[in-house]
Protein chains: 2
Amino acid sequence: MSVIGGKWKVLILWALDERRCRFGELRRLLPGITEKVLASHLRELEEDGIVHREVFDEVPPRVEYSLTGPGIALNAALAPLSAWGREHVLGGAAH
Amino acid sequence: MSVIGGKWKVLILWALDERRCRFGELRRLLPGITEKVLASHLRELEEDGIVHREVFDEVPPRVEYSLTGPGIALNAALAPLSAWGREHVLGGAAH
DNA sequence: CGGTATCCCACGAGATACTG
DNA sequence: CAGTATCTCGTGGGATACCG
């Protein structure tokens, strides 16, 4: 739970499940998140071995985030929980 | 996430997965939890339709908590996440 | 036995400004 | 572009005491 405990963490994971993203892309994909929170969540996910951070030494600077193997597995493990939420929290009629 | 967001909530769910429990039993099954937190978590789980609270009008008073249908389904949906944690957070060697 | 009622505090997260 | 640096505030959770 501590791994996915941040307010925006699963949303970050789902965004990265589609494709690898740059910092600014993630910020745009997650309306309302602040740079500070996005940065700290990415740091924690990196420390937990969930996301990989790749720095390209270019101008302008480019940093790309992607899921690691365990990160992909974590997203798969979250799928049933997500399905449960759609079924029981969101309208049980609107599935 | 808000449904299972409390610090002790999944532990409560797992305790109730075995069998229905009384308040004091849960307190003993969860060393370190305070009565206030246990009570508030149970109230929230009840409001979310996860646990059922049954009051028996006896002396001494008796209250039993059990999982509802959605609660049982939630526990099942948590199983893959639990397995992921055992595999990747706890020792990947010690499975 | 099964809880409330208070008080308290750390920490997560938002707002805002700034930088290499 | 990809972040830091501060500051602030609400709230989740802990400690303790009390109650029908």
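Chain letters run A, B, ... following the sequence lines, proteins first, then strands; residues in each count from 1.
The shortest distance between side-chain heavy atoms of Ile12(A) and His41(A) falls below 4.5 Å. Looking only at side-chain heavy atoms (C-beta outward), Val89(B) and Asp48(A) stay at 4.5 Å or farther from each other. Leu16(B) places none of its side-chain heavy atoms less than 4.5 Å from the side chain of Ser66(B).
Atom pair Glu35(B):CD and dG12(D):P shows a separation of 20 Å (rounding to whole Å applied). If you take CG of Leu42(A) and P of dA2(D), they are 11 Å apart, rounded to a whole angstrom. The separation between Glu25(A) atom CD and dC1(D) atom C1' is 12 Å, rounded to whole Å. Atom-to-atom, CZ of Arg28(B) to P of dG3(C) comes out at 13 Å; the value is rounded to the nearest Å. Taking atom NE2 of His41(A) as the reference point, atom C1' of dG14(C) lies 12 Å away to the nearest angstrom. One interatomic measurement links the two molecules: CZ of Arg53(B) to C1' of dG2(C), which rounds to 8 Å at whole-angstrom precision. One atom, CD1 of Ile33(B), and another, C1' of dG12(D), lie 12 Å apart when rounded to the nearest Å. Following rounding to the nearest Å, Phe56(A) (CZ) and dA2(D) (P) show an atom-to-atom distance of 11 Å.
Taking the charged nitrogens against the carboxylate oxygens, Arg20(A) and Glu54(A) do have a contact shorter than 4.0 Å, which makes a salt bridge.
Shown for residues 5-23 of chain A: residues whose heavy atoms fall under 4.0 angstrom of DNA chain C, namely Gly6(A), Lys7(A), Trp8(A).
Criterion: ILVMFWY side-chain heavy atoms under 4.5 Å apart, direct or through other members. Under it, Phe56(A) and Val51(A) are not part of a common hydrophobic cluster. Residues Val55(A) and Leu42(A) share a single hydrophobic cluster, defined by chaining ILVMFWY side chains whose heavy atoms lie under 4.5 Å apart.
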Report the C-alpha distance between Arg53(B) and Glu64(B) in whole Å, list the side-chain angles of each, state the deciding distance to 0.1 Å, and finish with yes or no for salt bridge (charged side-chain N to carboxylate O under 4.0 Å, His left out). CA-CA 6 Å; Arg53(B) 180 173 187 266; Glu64(B) 286 191 351; over 6 Å; no
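From one end of the helix from dC1(C)-dG20(D) to dG20(C)-dC1(D) to the other, with five pairs defining each end axis, the axis direction shifts by 50° (rounded to 10°).
Side-chain atoms of Lys36(B) stay outside donor-acceptor range of the base of dA5(C), with no qualifying N/O pair under 3.5 Å.
Residues Val37(B) and Pro61(A) each lie close to DNA chain D; by heavy-atom proximity, the contact nearer the 5' end of the strand is made by Pro61(A).
With hydrogens and angles disregarded, no donor-acceptor distance shorter than 3.5 Å links the side chain of Trp84(B) to the backbone of Gly71(A). Looking at Glu18(A), its side chain never comes within 3.5 Å of a backbone N or O of Ala15(A) through a donor-acceptor pair.
Residue Thr34(A) has its side chain nearest to dA15(C) when only dA15(C), dG2(C), dT4(D) are considered.
For the OP1/OP2 pair of dT4(C) and a distance below 4.0 Å, the side-chain nitrogens and oxygens of Arg43(B) include at least one atom meeting the criterion.
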